Peer 1: 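Take a look at the following structure, please.
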Amino acid sequence: MIRVYNTLSKQKETFQPLEEGKVGIYLCGPTVYDKSHIGHMVGPIIFDTIKRYLSYSGYDVTWVVNITDVDDKLIMKSRERGIPMEAIAEEMTADYLSNLASLGVDQIDHMPKATENIDEIIQFTRELIDKGFAYAVDGDVFFDVNADQGYGKLSNRTADAAQGEGGEAAARKKSSSDFALWKAAKEDEPSWDSPWGQGRPGWHIECSAMSRRILGESFDIHGGGLDLVFPHHENELAQSECCHGKPMVSYWMHNGLMRAGDATGKVGGRSDRDENDSETQATVETKISRSKGAGGLADLIETHGGERIRFFLLRTHYRSTIVFSEAGLQEAGTALESFYRLFERYERITGNCFYKLVPTTQRPEENSRDQCEFLQQVDVHRQSYLDHMDDDFNTGGATSDLFDLVRTINRYIDQNEIEQSASEQHLAALTIAVQILRDLSGILGIFSSPQKNEAGNDELTGQLMELMIALRAEARASKNFEIADRIRDGLAEIGVTIEDRKDGTGWRVG
RNA sequence: GGCUCCGUGGCCAAGUGGCUAAGGCAGCGGAUUGCAAAUCCGCCAUCACCGGUUCGAAUCCGGUCGGAGCCUCCA
């Protein structure tokens, strides 16, 4: 039984899809006016993981992430850079997509763009006018907040407490909290034909229109960052529910926002150039999108690798604030090492590559019958992992079970001296356990392929290392530890670690 | 001012009424090792503070202090 925290009810609820066995998820994606920063990746990574888990649990999931490719910021950017809005959108969408790919986000089924759904948007707006929830004034169309009884229920706000956008449009609105569904085109703005003249969509309407087109009038999960609860999701909900007269989504899920936490004020390894007043900045933590150094996600991926970043994000609960820091990322990397080491150990023993194991796509039945003690322990951790995930996708708790699994497997190998000589039985049990680790980590979207370890992968290095190790072995055999240690220490200085294992000497970079 | 949320060991972080408060990083002790590395074993918290409810609270209620977000664009 999966439980989900619903922003609308402010509590965890039992997950029950509208249609048996099927789940529709809509996640608010980026406005593509600039390069994405790490904060933009929180939602995609957690929902990618949620989709993996729901699929594993037997649901047929459809996941939609929209691209907002027309709005004020895009228009401004286009003027600044003197190139068409479409060119900016295209460039930034490509950036976004490549970041997603690096972070292993590959579960998205549809990525509709606002500009490709103008007809739906106009249609939706027209329906709202026909039903008396919206009105047109001089080419603008506004949503009439006071016509909506339920307005404010998502963000717990009353209609009049919610100030809509001000500016010169304010004068034409019936109430200041009314918001634009359609904006009349100004000079030099991209625009489309509509029953109200040339114009473009307001910010919220595209999501109502596109989610309906792809997922239907009502669907299961709508997600986004906590900062979207108001006004964006409140308004979306108002539009859709007024238009259809029924609930828009069953579960509203919002991820916590990321803050920049490095003492230096750095984000993404960039120095914060424009900060020159005193030391007060030292401990300032701000929301990433407001921090001066926001950006540099590509650099971050380059230096740390997507897997480390993904793991870093998934180690905390999706609803809590994550303080971003280089140190935190470093630590995540250190923690991942124990997994990589186990994978190598497994390969040395069985000759099989962990990454070539095919993940089981179906959640197995409850505990297995008469197994050896080891596999029973493995089962305990597997079950604990699933319990964590069932509880509002608690990936932070689930990762601890992964570490428990690693320790359990290492202990089994140690205690039974499997590295020295393995019986069929041991190998079979080991294989089952590692397969389970494969399946469970696959749900988090990690360890799907080897992380490129740049250095030391070429043939020459391998041969040289073989030689060094042989020389050291000879020195050790003749108890010439001075030479042996000189070899080991010298290698350590250039970043190569020698490991004398039960089954022979090995080496690793880093 | 209105509305949310958070404060768990040196650091990060699960846990939101009841077995001995997960896990990671760092540290310490031990096994192993020629010494290391890796691995395993063990150790390291009464949960910001005060008061209350309860047989029983980190977990519920009230207050205090500290921190964050939203109320304008934001993932």
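Per chain, numbering begins at 1; letters A, B, ... match sequence-line order. This structure is a prediction, so every number in the text was calculated from the model and none was measured.
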Peer 1: Under 3.5 Å, is there an N or O donor on one side and an acceptor on the other linking the side chain of A:R488 and the base of B:A36?
Peer 2: yes
Peer 1: Checking all strands, does A:L228 fall into the base, sugar-phosphate, or nothing category for heavy-atom contacts under 4.0 angstrom?
Peer 2: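 Result for A:L228 = sugar-phosphate.
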Peer 1: At under 4.0 Å between heavy atoms, what does A:F481 touch on the DNA or RNA strands: base, sugar-phosphate, or nothing?
Peer 2: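 The answer is base, as A:F481 lies within the cut-off (heavy atoms under 4.0 Å) of a base atom.
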Peer 1: Once you measure the plane-to-plane angle for A:F324 and A:F312, does it fall in the parallel (<30°), tilted (30-60°) or perpendicular (>60°) bin?
Peer 2: perpendicular
Peer 1: Need one value for A:D489: base, sugar-phosphate or nothing, where a base atom within 4.0 Å counts as base even if backbone is also close, heavy atoms only.
Peer 2: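 Answer is nothing: A:D489 stays at 4.0 Å or more from every strand.
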Peer 1: Mind telling me whether A:W252 and A:H254 have parallel, tilted or perpendicular rings, with 30° and 60° as the class edges?
Peer 2: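 Parallel.
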Peer 1: May I ask you to say what A:H254 touches in the nucleic acid, namely base, sugar-phosphate or nothing, with a heavy-atom cut-off under 4.0 Å?
Peer 2: nothing
Peer 1: Could one point to a donor on the side chain of A:D401 or the base of B:G23 with an acceptor on the other under 3.5 Å away?
Peer 2: no
Peer 1: Quick one: is A:S177 getting a side-chain N or O under 4.0 Å of the B:C71 phosphate, OP1 or OP2?
Peer 2: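 So the side chain of A:S177 is outside the cut-off, no N or O lying under 4.0 Å from OP1 or OP2 of B:C71.
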Peer 1: Taking only the side-chain nitrogens and oxygens of A:N156, find out if one of them lies under 4.0 Å from OP1 or OP2 of B:C3.
Peer 2: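 Result: no.
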Peer 1: When all nucleic acid strands are considered with a 4.0 Å heavy-atom cut-off, which category describes A:R308: base, sugar-phosphate, or nothing?
Peer 2: nothing
Peer 1: Ignoring hydrogens and geometry beyond distance, is the side chain of A:D500 in donor-acceptor contact with the base of B:A36 at under 3.5 Å?
Peer 2: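 Indeed there is one.
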Peer 1: Return yes if a side-chain donor-acceptor contact under 3.5 Å exists between A:Y26 and A:E236, otherwise no.
Peer 2: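 No, no side-chain donor-acceptor pair sits under 3.5 Å.
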Peer 1: Identify whether any heavy atom of A:G223 sits under 4.0 Å from a base atom; if not, whether one sits that close to sugar-phosphate; answer base, sugar-phosphate or nothing.
Peer 2: nothing
Peer 1: Is the phosphate of B:A75 approached by A:T31 (side-chain N or O, under 4.0 Å from OP1 or OP2)?
Peer 2: yes
Peer 1: Under 4.0 angstrom, heavy atoms only, what part of the nucleic acid is A:R476 near: base, sugar-phosphate, or nothing?
Peer 2: base
Peer 1: Does a side-chain N or O of A:N394 approach OP1 or OP2 of B:A14 to a distance below 4.0 Å, or not?
Peer 2: no
Peer 1: Remember a base hit wins even if backbone is also touched, and classify A:G224 as base, sugar-phosphate or nothing at under 4.0 Å, heavy atoms.
Peer 2: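 Result for A:G224 = sugar-phosphate.
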Peer 1: Mind checking A:S155 for me? I need base, sugar-phosphate or nothing, with any heavy atom below 4.0 Å counting as a touch.
Peer 2: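 Sugar-phosphate contact only - A:S155 comes under 4.0 Å of backbone atoms but never of a base.
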Peer 1: Need one value for A:R315: base, sugar-phosphate or nothing, where a base atom within 4.0 Å counts as base even if backbone is also close, heavy atoms only.
Peer 2: base
Peer 1: Name the closest nucleotide to the A:R407 side chain, picking from B:C41, B:U39, B:C73.
Peer 2: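 Ranking B:C41, B:U39, B:C73 by closest atom to the A:R407 side chain puts B:C41 first.
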